[in-house]
Amino acid sequence: MPTTIKVDLGERAYEIRIGRQVVPGFSLETADDLRALIVSDSNVDKLYSEKCEAALQARGVETTRTAVPAGETSKDLKVIQQLLEEAVDAGLDRGSVVVALGGGMVGDLAGFLAAVLLRGVKLIQVPTTLLAMVDSSVGGKTGVNLPQGKNLAGAFYQPVEVAVDLATLETVPEREYVSGLAEVVKYGVVWDAVLFEQIENSVEGIMSRDLDVLEGIIARCCEIKAEVVSMDEREAGVRAVLNFGHTLGHAVENVAGYGELLHGEAVSIGMAYACGLSQAVKEFPEEESKRVSALLERLGLAVRARDRGLDLSWDQLRASMAADKKTRHSVLRFVLAENLGSVVFGCEVPEAVLEKVFTA
Ligand SMILES: NC(=O)c1ccc[n+]([C@@H]2O[C@H](COP(=O)([O-])OP(=O)(O)OC[C@H]3O[C@@H](n4cnc5c(N)ncnc54)[C@H](O)[C@@H]3O)[C@@H](O)[C@H]2O)c1
């Protein structure tokens, strides 16, 4: 039996199902003329599109498949235009479904497609990377990049279901998998000290991708994301806690040059920094801060830019943090930890502390 988690958003509520052999379409009322466009990328298409298509067809859904080139450059408005035209040519109508089959890139791209196609059609998220399973497929953030920056055009648009087949994790490249673990650790730090401890006690199973071990951990991460999103769908408040480590993380990603570090690799460095700031201004205990860094390192993640061979200038990082789209009225605000499993958002930190903790 798959684990089922409800995302409680009133009339836009939906279920996340997590398990082996979970297939998409469980939320659909099968009708004679239901059509779906399955969007994936060039890597995922070869591995999983046929199976996804067969599952939908078995429910009587007419399907069309399309795949964009793998990689962040496909998260682009020009690709949205192509996909819109393909969807219309394939005969999709207001009752149709877009199925996002892939990692976070496909989820964001196809999610945005679903939001704008015919002013909005149903969206099913079928995440195939760890990051997409625990983070991007749940919560409704969709969008594409602009030359000026990442995710600058998009929409909040919730799926009608999230179907997580854990077996797809077996083919995720190692570096991508490890990068996704940073977000897993994040949930423990910001919300659930018991989950944090569970991760500490399961490093071996996690690294060997033991699906029994992963099922419980991924389900707990999804539960936390679902709870936070239900409380604050549009990030007006508490949803900001999920940005723990992301202020410096985004700046590191940006200053190192996009593509140099994966998102989770940068977030890992950002989380270690946020723990340092938390020690300095929130009395976050040093031993808990050390536990966070030690866990990230045991999972194969770096906690300092220089451990990845990067010599990044503080001035550039500081300027990049100031330019972050989440910075309001040029005041930097951080999510900081008070204890493991408990954080506060919207914290200002004295300028001297920002640099001191980074150089330390
Ligand atoms: N919407 C949100 O809330 C949210 C949150 C975090 C990140 N994101 C976005 O997610 C994207 C990053 O997502 P990602 O890390 O999943 O990267 P990705 O989607 O680019 O996938 C990484 C690589 O793994 C391949 N891949 C995917 N699944 C596979 C599988 N099962 N087997 C083999 N290969 C597989 C892909 O083809 C790609 O080459 C970014 O665009 C980021 O902005 C969105």
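Everything numeric here is computed off the predicted structure, so don't read it as measured data. Note that ligands are numbered from 1 as they come in the structure, with each ligand's atoms numbered from 1 the same way.
Counting heavy atoms under 4.0 Å from ligand 1, residue E183 does not touch it at all. Contacts between L131 and ligand 1, counted as non-hydrogen atom pairs separated by less than 4.0 Å, involve the side chain only. When heavy-atom distances to ligand 1 are checked against a 4.0 Å cut-off, L262 has no atom that comes that close, whether in backbone or side chain. Within the 4.0 Å heavy-atom criterion, the part of N151 lying near ligand 1 is the side chain and not the backbone. Using a 4.0 Å cut-off between heavy atoms, H263 makes no contact with ligand 1 at all. In A70, the part holding a heavy atom less than 4.0 Å from any atom of ligand 1 is the side chain.
Those atoms of ligand 1 that come under 4.0 Å of a heavy atom in V44, given as number and element, are 26 (N), 27 (C), 28 (N), 29 (C). Interface of K150 with ligand 1, defined as ligand atoms under 4.0 Å from a residue heavy atom, comprises 40 (C), 42 (C), 43 (O). Proximity to L47 (heavy-atom distance under 4.0 Å) selects the following atoms of ligand 1: 32 (N), 33 (C). Counting the atoms of ligand 1 from 1 in the order shown, those under 4.0 Å from a heavy atom of E176 are 22 (C), 23 (C). If you number the atoms of ligand 1 from 1 as listed, the ones under 4.0 Å from a heavy atom of G103 come out as 16 (O), 19 (O).
For ligand 1, none of its N or O atoms has an N or O atom of D135 under 3.5 Å away. Residue L169 has no nitrogen or oxygen atom sitting less than 3.5 Å from a nitrogen or oxygen atom of ligand 1, judged on distance alone.
Of the inter-residue distances, the one linking D41 atom CG with S49 atom OG reads 9.0 Å to the nearest 0.5 angstrom. The NZ atom of K141 sits 9.5 Å away from the CG atom of D108 when rounded to the nearest 0.5 Å.
Nearest-residue assignment for atom 27 (C) of ligand 1 (options V68, T129, L101; heavy-atom criterion): T129. For the residues G104, S74, S42, A67, the heavy atom positioned nearest atom 13 (O) of ligand 1 is part of G104. Of the candidates D165, L242, V267, T168, it is T168 that places a heavy atom closest to atom 31 (N) of ligand 1.
For atom 36 (C) of ligand 1, the closest non-hydrogen atom on the protein side is D41 OD2, 3.3 Å. Looking only at heavy atoms of the protein, atom 9 (C) of ligand 1 is closest to D108 OD2, 3.4 Å. The protein non-hydrogen atom at the shortest distance from atom 20 (O) of ligand 1 is M105 CB, 3.6 Å.
Inter-residue side-chain proximity for L310 and L261 is flagged as met; some heavy-atom pair is nearer than 4.5 Å. R220 places a side-chain heavy atom less than 4.5 Å from the side chain of W191.
The pair E265-R175 counts as a salt bridge, with a side-chain nitrogen and a carboxylate oxygen less than 4.0 angstrom apart. Taking the charged nitrogens against the carboxylate oxygens, K150 and E72 do have a contact shorter than 4.0 Å, which makes a salt bridge. The pair R291-E287 does not meet the salt-bridge criterion, since no charged nitrogen lies less than 4.0 angstrom from a carboxylate oxygen. By the 4.0 Å N-to-carboxylate-O rule, E351 lies close enough to R318 to be salt-bridged with it.
More than 12 heavy atoms of other residues, nucleotides or ligands shown are found within 6.0 angstrom of CG on D212. Surrounding CD of E297 are more than 12 heavy atoms belonging to other residues, nucleotides or ligands, all under 6.0 Å away.
Ring geometry for W314 against Y273 counts as tilted: the plane angle lies between 30° and 60°, on a 0 to 90° scale.
A donor-acceptor contact shorter than 3.5 Å links the side chain of R59 to the backbone of G25.
Close to ligand 1: P173, with a non-hydrogen atom less than 4.0 angstrom away.
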